[in-house]
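Structure record follows, encoded as structure tokens.
These numbers come from a predicted model, not from an experiment.
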Amino acid sequence: MSVFENLREGKHYHILDEDYRREAHGEFRRCAHICHLINSTDPNDTGKLIELERELFNGNLPEQTFLTPPFQIDCACRIFLGKNVFANHGLTVMSVGTVTLEDGVMLGPEVGLFTVNHEPKNIRVIFTKEIRIKKNAWIGARVNILPGVTIGENAIIGTGSIVTKDIPDNAVAVGNPARVIKQI
């Protein structure tokens, strides 16, 4: 199994582990380079941006899905995008633990998706948990979503929230930590 599959299955890795450094850091460098190219491309050159985004996602850029530069993604091979996904500028994704954005997901400016964490007793050891954002969820500006969180279908997460646990379908959640304040 690959390092990414092992992490998804719950294995912990020391950041100096040879396999982790070879596989994960190789993907980090690939993505950093392509993100740099995207972020320095004229925003009016949409053809070039789409071409680079397809390269970033290894050809898997679904119909009507667009990420607005600038953004930073560390591990695009572990991001699974649905159709009609839109991310506004300033997106930061640490996706070594896998991020799934289903059809119709909308991300506001400066959203952060973080699938990786460190062992408290040895901060050089990492572990991951997947983030899943279900169909037609709307994530407000400057929201941070932490490892292991699932955002339900049609859910809305208010601006500036920090999401530490699952949010059910059709819920509106706000705050730090985010809590459900009503059902749609």
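With respect to K135 and E153, no salt bridge is recorded, no charged nitrogen being found less than 4.0 Å from a carboxylate O. At a threshold of 4.0 Å, the pair E27-R30 counts as salt-bridged, since one of the basic side-chain nitrogens sits closer than that to a carboxylate oxygen. A salt bridge does not link E130 to R78: none of the charged nitrogens lies less than 4.0 Å from a carboxylate oxygen.
No continuous path of ILVMFWY side-chain contacts below 4.5 Å connects I162 to V143, so the two sit in separate hydrophobic clusters. Residues I139 and L146 fall into different hydrophobic clusters, defined by Ile, Leu, Val, Met, Phe, Trp and Tyr side chains chained together at heavy-atom separations under 4.5 Å. Placement of V96 and I73 in two distinct hydrophobic clusters is found when ILVMFWY residues are connected by side-chain heavy-atom separations under 4.5 Å, directly or transitively. When hydrophobic clusters are built by joining Ile, Leu, Val, Met, Phe, Trp and Tyr residues whose side-chain heavy atoms come closer than 4.5 Å, directly or via intermediates, I156 is grouped together with F86. At a threshold of 4.5 Å between side-chain heavy atoms, the hydrophobic network of Ile, Leu, Val, Met, Phe, Trp and Tyr places I79 and M94 in two separate groups.
Using modelled atom types, one finds no donor on one side chain facing an acceptor on the other under 3.5 Å when comparing D19 with Y13. A donor and an acceptor atom, one from each side chain of N154 and N170, are located under 3.5 Å apart.
One finds the NZ atom of K134 at 12.5 Å from the CD1 atom of I167 (value rounded to the nearest 0.5 Å). Atom-to-atom distance recorded for I131:CD1 and T150:OG1 is 9.0 Å, nearest 0.5 angstrom. The CD atom of E23 lies 12.5 Å from the CD atom of E18; values are rounded to the nearest 0.5 Å. Once rounded to the nearest 0.5 Å, the distance linking SG of C31 with CZ of R29 reads 11.0 Å. From W138, atom CH2 reaches atom CD1 of I157 across 11.5 Å, with rounding to the nearest 0.5 Å. Between H89 atom NE2 and L107 atom CG the span is 12.5 Å, to the nearest 0.5 Å.
One N or O on the side chain of T65 and one on the backbone of V85 form a donor-acceptor pair closer than 3.5 Å. The closest donor-acceptor contact from the side chain of N39 to the backbone of F71 lies under 3.5 Å. Distance alone, capped at 3.5 Å, is enough to place a donor-acceptor pair between the T128 side chain and the L7 backbone. Proximity of a side-chain donor or acceptor of E119 to a complementary backbone N or O of V125 within less than 3.5 Å is not detected. Under a 3.5 Å cut-off, the side chain of T115 and the backbone N or O of K129 do not form any donor-acceptor pair. Although no hydrogens or angles enter the test, the distance criterion places a donor-acceptor pair under 3.5 Å between the side chain of D74 and the main chain of S95.
Annotation: side chain of P69 is in contact with side chain of L49 (closest heavy-atom distance under 4.5 Å). Considering only heavy atoms from C-beta on, L67 comes within 4.5 Å of E53 through its side chain.
Of all the heavy atoms in L91 and V93, the pair that sits closest is CG-CG2, 3.6 Å. The shortest non-hydrogen separation linking Q72 to A32 is NE2-CA, 3.9 Å. Contact detail for G175 and S161: the closest heavy-atom pair is N-OG, 3.0 Å. Taking every heavy atom of both residues into account, G148 and D166 meet most closely at O-OD1, 3.5 Å. When all heavy atoms of V111 and G140 are compared, the closest pair comes out as CG2-O, 3.4 Å. Here the closest heavy-atom approach between residue P147 and residue V116 is recorded as CG-O, 3.8 Å.
In this structure, Y20 and H25 have perpendicular ring planes: the angle between them is above 60°, well past the 30° mark.
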*Check step by step if side chain to side chain contact (heavy atoms under 4.5 Å, CB included) holds for F80 and N60.*
CA-CA 8 Å; F80 301 94; N60 299 318; over 6 Å; no

*asked:* Would E110 and R142 count as a side chain to side chain contact (heavy atoms under 4.5 Å, CB included) here? Give the steps.
replied: CA-CA 5 Å; E110 299 180 14; R142 295 187 175 152; 2.6 Å; yes

*asked:* Apply side chain to side chain contact (heavy atoms under 4.5 Å, CB included) to residues L113 and I133 and explain how you reach the verdict.
replied: CA-CA 10 Å; L113 306 175; I133 303 178; 4.1 Å; yes

*Quick one: do N84 and D103 satisfy side chain to side chain contact (heavy atoms under 4.5 Å, CB included)? Show the steps, please.*
CA-CA 6 Å; N84 300 311; D103 295 348; 5.8 Å; no

*Please assess E102 against R132 for the test salt bridge (charged side-chain N to carboxylate O under 4.0 Å, His left out), listing each intermediate value before the final yes or no.*
CA-CA 8 Å; E102 294 184 2; R132 176 175 295 275; 3.2 Å; yes

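Other residues, nucleotides and ligands contribute at most 12 non-hydrogen atoms within 6.0 Å of the CD1 atom of I123. Atom NE2 of H118 has more than 12 heavy atoms from other residues, nucleotides or ligands within 6.0 Å.
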